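One-based numbering, in listed order, for ligands and for the atoms of each. Since this is a predicted model, take the numbers as computed values, not measurements. Residues take their numbers from the sequence shown, with the count starting at 1. Hydrogens, waters and symmetry mates play no part in the numbers below; they use all other heavy atoms, side chains included.
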Amino acid sequence: MDFQLKTLSIAQAAAEKADVLIVLVAPGSPEASDPLSQLAAAAVKAGDLPDKPEKPGKLLALYGQAGVAARRVLLVALGDGKPQAVRSAVAAAVGAAKASNPKRLVIAFAQAVEPAGLAAAVLAAADASYVYSASKSKAEPRSLRQVLVGVPEANALRPAFERASATVLGIELAKEWGNRPANYCTPSMLADAATELAKLPKLKVEVLGPKEVAKLGMGSFSAVAQGSSEPLRFIVLRYNGGPKDQAPVVLVGKGITFDTGGVSLKPAAEMDEMKFDMCGAASVLGVFRTLGELQPAVNVVGLVPSCENMNDGHAVKPGDVVTSMSGQTIEVLNTDAEGRLILCDALTYAKRFAPAAVIDIATLTGACVVALGNIRSGMFSADEALAGALEAAGEAAQDRCWRLPLDDDYAEGLKSNFADVANIAGRAGGAITAAKFLQRFTADYPWAHLDIAGTAWKSGAAKGSTGRPVGLLLEYILARAPAAAGGKAKGGKSRKARSAA
Ligand code: BES
Ligand code: MN
Ligand code: ZN
């Protein structure tokens with residue numbers, strides 16, 4: 001889908017050819033003298049569009065309005081105009097507009113908008129119009145081809161706009177792979193998708209199979225894969241946009257393409273949703289899609305351990321002890337706690353990049369869903385700066401996370417009589433004990449863990465991948481770009497420092 005940004009008054013927006021014109025109206029917007037602005041002002045005065053800033057998304061539909069090129073017009077209450085309100089308002093409007101299968105939408109802001117608000121509009125319009133089609137026999141393609149966003153003054157908003165439309169590409173790639181059923185998304189297919197991505201500028205990929213992974217000593221990852229006839233893949237993506245000597249950020253995405261639980265079999269209800277157990281991996285691919293588009297001055301490595309968690313005659317059994325790449329032995333007390341078993345070897349592998357930071361992203365625990373629901377991802381880090389940066393990135397991108405603790409006391413339950421560590425502790429604090437398990441493999445670099453079990457997909461009627469936390473991760477990575485560019489000139493000021501001076 002194509003996004004465009006243009007300076008438009010409401011009168012000019014009314015002259016734009018479109019299937020639907022969406023006008024975002026904030027209470028107290030300056031009243032222009034054109035008919036549409038007057039109409040909007042009258043609707044606010046009459047109470048037909050709420051003038052309360054806390055109520056974004058109320059719609060007023062007009063049809064065949066004289067002097068308006070678009071046949072359908074939606075006046076939409078913008079609430080307080082903050083990014084969160086913009087998101088709700090645009091989601092409601094595009095959701096309603098969808099009924100008429102529009103090809104071209106115009107979304108016009110009646111008043112000035114902040115860069116973050118504009119980005120929210122672009123992301124919400126894309127989200128509300130996304131269509132899944134990979135496994136439908138009569139694929140109905142997305143009807144929406146073009147969205148023109150009109151603002152009172154476009155120039156200052158251009159960088160935010162470019163970034164938001166590139167972010168859409170990453171989020172949609174993550175959604176697409178997340179949504180695919182496990183027979184349309186095997187580890188090999190994920191690796192092929194990564195190989196395809198590596199055609200983008202500054203991107204490289206390496207794909208390892210079972211033999212190479214065994215040779216690296218990844219006995220923990222291999223053990224999870226051994227119960228499936230689909231061969232495992234270990235994907236190594238590299239984006240080199242920064243100076244050679246700049247330490248990269250490493251993203252590690254859990255890529256379980258289907259999680260049956262293994263011998264510790266899951267109950268049947270909702271087991272289909274375990275096709276989403278590779279959403280961490282999909283978010284890593286999504287980030288690289290956007291990096292290839294924006295080409296910022298940063299270095300990023302993406303690591304994706306990918307396999308199925310299945311249950312055949314070769315499957316790992318409760319009580320088996322496996323040896324991880326770190327040398328630590330692990331007693332597999334529950335084969336359904338497989339995510340940490342594949343991640344720990346990838347986290348050990350990450351060390352070779354001498355990373356500035358390592359962030360793993362995983363649909364890791366049902367306990368995290370119990371703790372935080374579907375609103376915020378769980379975030380764990382012993383590094384204050386990294387934790388702060390991720391919190392801030394989540395806020396800025398409206399892709400929020402919440403920090404959970406890592407006290408050593410939580411690791412008590414992971415003790416084993418037969419190995420260095422067990423892969424589960426008791427039921428209590430399950431998201432935290434999982435994080436404590438991972439932490440044992442991250443001593444050599446600043447590390448954070450994002451548990452996206454509650455946020456990566458929606459259940460029920462709107463079942464589908466959300467593309468989270470691509471927005472958060474990109475916000476975090478792109479915030480590092482100016483400093484990275486400045487780092488080129490050794491001892492020189494960063495770009496940020498220069499512009500501040
Ligand atoms: N992929 C699941 C986590 C999950 C479960 C995410 C439900 C979203 C919804 C993970 O591999 C898993 O099975 N975790 C177990 C861990 C337990 C055995 C310690 C869990 O959460 O039940
Ligand atoms: Mn599991
Ligand atoms: Zn899992």
Side-chain angles (χ1 to χ4, degrees), residues 178 182 185 187 190 220-221 223-225 227-228 230 232 252-283 304-311 315-320 330-344 346 360-378 380 404 410-416 421-438 449-460 463-466 468-469:
C185 172
L190 265 191
S220 185
F221 176 20
V224 175
S228 167
E230 284 293 337
L232 68 79
V252 181
K254 174 178 173 183
I256 295 289
T257 57
F258 196 79
D259 182 9
T260 66
V263 173
S264 314
L265 190 64
K266 285 185 180 294
E270 279 137 44
M271 205 210 275
D272 66 291
E273 295 191 9
M274 285 299 114
K275 72 172 184 177
F276 293 115
D277 212 16
M278 37 55 69
C279 282
S283 75
V304 172
S306 180
C307 66
E308 291 183 336
N309 186 21
M310 298 285 289
N311 198 351
V316 68
K317 302 169 291 299
D320 283 2
I330 303 164
E331 186 183 13
V332 182
L333 285 176
N334 189 319
T335 64
D336 198 11
E338 86 296 340
R340 60 199 81 181
L341 294 176
I342 71 169
L343 290 169
C344 69
D360 77 71
I361 308 106
T363 48
L364 203 64
T365 65
C368 192
V369 190
V370 173
L372 296 175
N374 313 105
I375 311 298
R376 288 185 188 247
S377 303
F380 301 83
L404 294 167
Y410 284 107
E412 273 304 301
L414 292 170
K415 286 196 173 134
S416 162
V421 66
N423 79 327
I424 54 161
R427 249 168 65 84
I432 309 171
T433 54
K436 288 307 286 182
F437 177 91
L438 294 176
H449 159 59
L450 291 171
D451 193 331
I452 58 167
T455 53
W457 76 90
K458 291 179 186 157
S459 307
K463 193 189 287 183
S465 166
T466 61
R468 292 177 68 180

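Between Asn311 and Thr260, the side chains place no donor N or O within less than 3.5 Å of an acceptor N or O (distance only, hydrogens not considered). Side-chain contact, Glu273 with Ser459: a donor N or O sits under 3.5 Å from an acceptor N or O.
A salt bridge between Lys275 and Asp259 is absent, with no side-chain N of the basic residue lying under 4.0 Å from a carboxylate O of the acidic one. Salt-bridge formation is detected for the pair Asp336/Lys266: a Lys NZ or Arg NE/NH1/NH2 atom is positioned less than 4.0 Å from an Asp or Glu carboxylate oxygen.
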- Message: For a side-chain contact (heavy atoms from CB on, under 4.5 Å) check, start with the C-alpha distance between Ser416 and Val421, then their side-chain angles and the critical distance, and finish with the verdict.
- Response: CA-CA 5 Å; Ser416 162; Val421 66; 5.9 Å; no
- Task: I would like to know whether Asn423 and Glu331 meet side-chain contact (heavy atoms from CB on, under 4.5 Å); could you show each step before the answer?
- Result: CA-CA 6 Å; Asn423 79 327; Glu331 186 183 13; over 6 Å; no
- Hey, mind stepping through Asp277 and Phe258 against side-chain contact (heavy atoms from CB on, under 4.5 Å) and telling me if it holds? CA-CA 6 Å; Asp277 212 16; Phe258 196 79; over 6 Å; no
- Check the pair Val252, Ile361 against side-chain contact (heavy atoms from CB on, under 4.5 Å), reporting the backbone distance first and the verdict last. CA-CA 6 Å; Val252 181; Ile361 308 106; 6.0 Å; no
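To the nearest 10 degrees, the angle centred on the Zn ion (ligand 3) between NZ in Lys254 and OE2 in Glu338 reads 90°. With the Mn ion (ligand 2) as the vertex, O (Asp336) and OD2 (Asp259) define an angle of 170°, rounded to 10°.
Residue contact check: Glu338 has heavy atoms under 4.0 Å from atoms 11 (O) of ligand 1. Close contacts between ligand 1 and Asn334 involve ligand atoms 18 (C) [criterion: under 4.0 Å to a heavy atom]. Ligand 1 places these atoms under 4.0 Å from at least one heavy atom of Lys254: 1 (N), 10 (C), 11 (O). For ligand 1 and Ala453, the ligand atoms under 4.0 Å from any heavy atom of the residue are 6 (C), 8 (C).
Taking the side chain as every heavy atom from C-beta outward, Ser306 and Thr257 approach each other to under 4.5 Å. At a threshold of 4.5 Å between non-hydrogen side-chain atoms, the residues Ile342 and Leu232 do not count as touching.
None of the N, O or S atoms belonging to Ala362 lies under 2.8 Å away from the Zn ion (ligand 3). Not a single N, O or S atom of Asp336, from either the backbone or the side chain, sits less than 2.8 Å from the Zn ion (ligand 3).
Considering backbone and side-chain N/O atoms, Asp336 comes within less than 3.5 Å of an N/O atom of ligand 1. On a distance-only criterion, Thr365 and ligand 1 share no N/O pair closer than 3.5 Å. In terms of polar-atom proximity, Met274 is not counted as a contact of ligand 1, lacking any N or O under 3.5 Å from an N or O of the ligand.
When the Mn ion (ligand 2) is compared with the N/O/S atoms of Glu338, atom OE1 turns out nearest. Asp277 has its closest N, O or S atom to the Zn ion (ligand 3) at the position named OD2. Summary: OD2 is the N/O/S atom of Asp259 found nearest to the Zn ion (ligand 3).
At the shortest separation from atom 14 (N) of ligand 1 among protein heavy atoms lies Leu364 O, 3.4 Å. Of the protein's non-hydrogen atoms, Asp259 OD2, 3.6 Å is the one closest to atom 2 (C) of ligand 1. In terms of protein heavy atoms, atom 19 (C) of ligand 1 is closest to Ile424 CG2, 3.4 Å. The single protein non-hydrogen atom nearest to atom 16 (C) of ligand 1 is Arg340 NH2, 3.8 Å, given as residue, atom name and distance. Among all non-hydrogen protein atoms, the one lying nearest atom 21 (O) of ligand 1 is Gly366 N, 2.7 Å.
Between the Ser228 side chain and the Met310 main chain, no donor and acceptor come within less than 3.5 Å of each other. Not a single donor-acceptor pair under 3.5 Å links the side chain of Ser377 to the backbone N or O of Ile452.
Glu273 does not count as a contact of ligand 1, since none of its heavy atoms falls under 4.0 Å from the ligand. For Trp457, the closest heavy-atom approach to ligand 1 falls below 4.0 Å.
The shortest heavy-atom contact between Gly255 and Ala281 is CA-CB, 3.6 Å.
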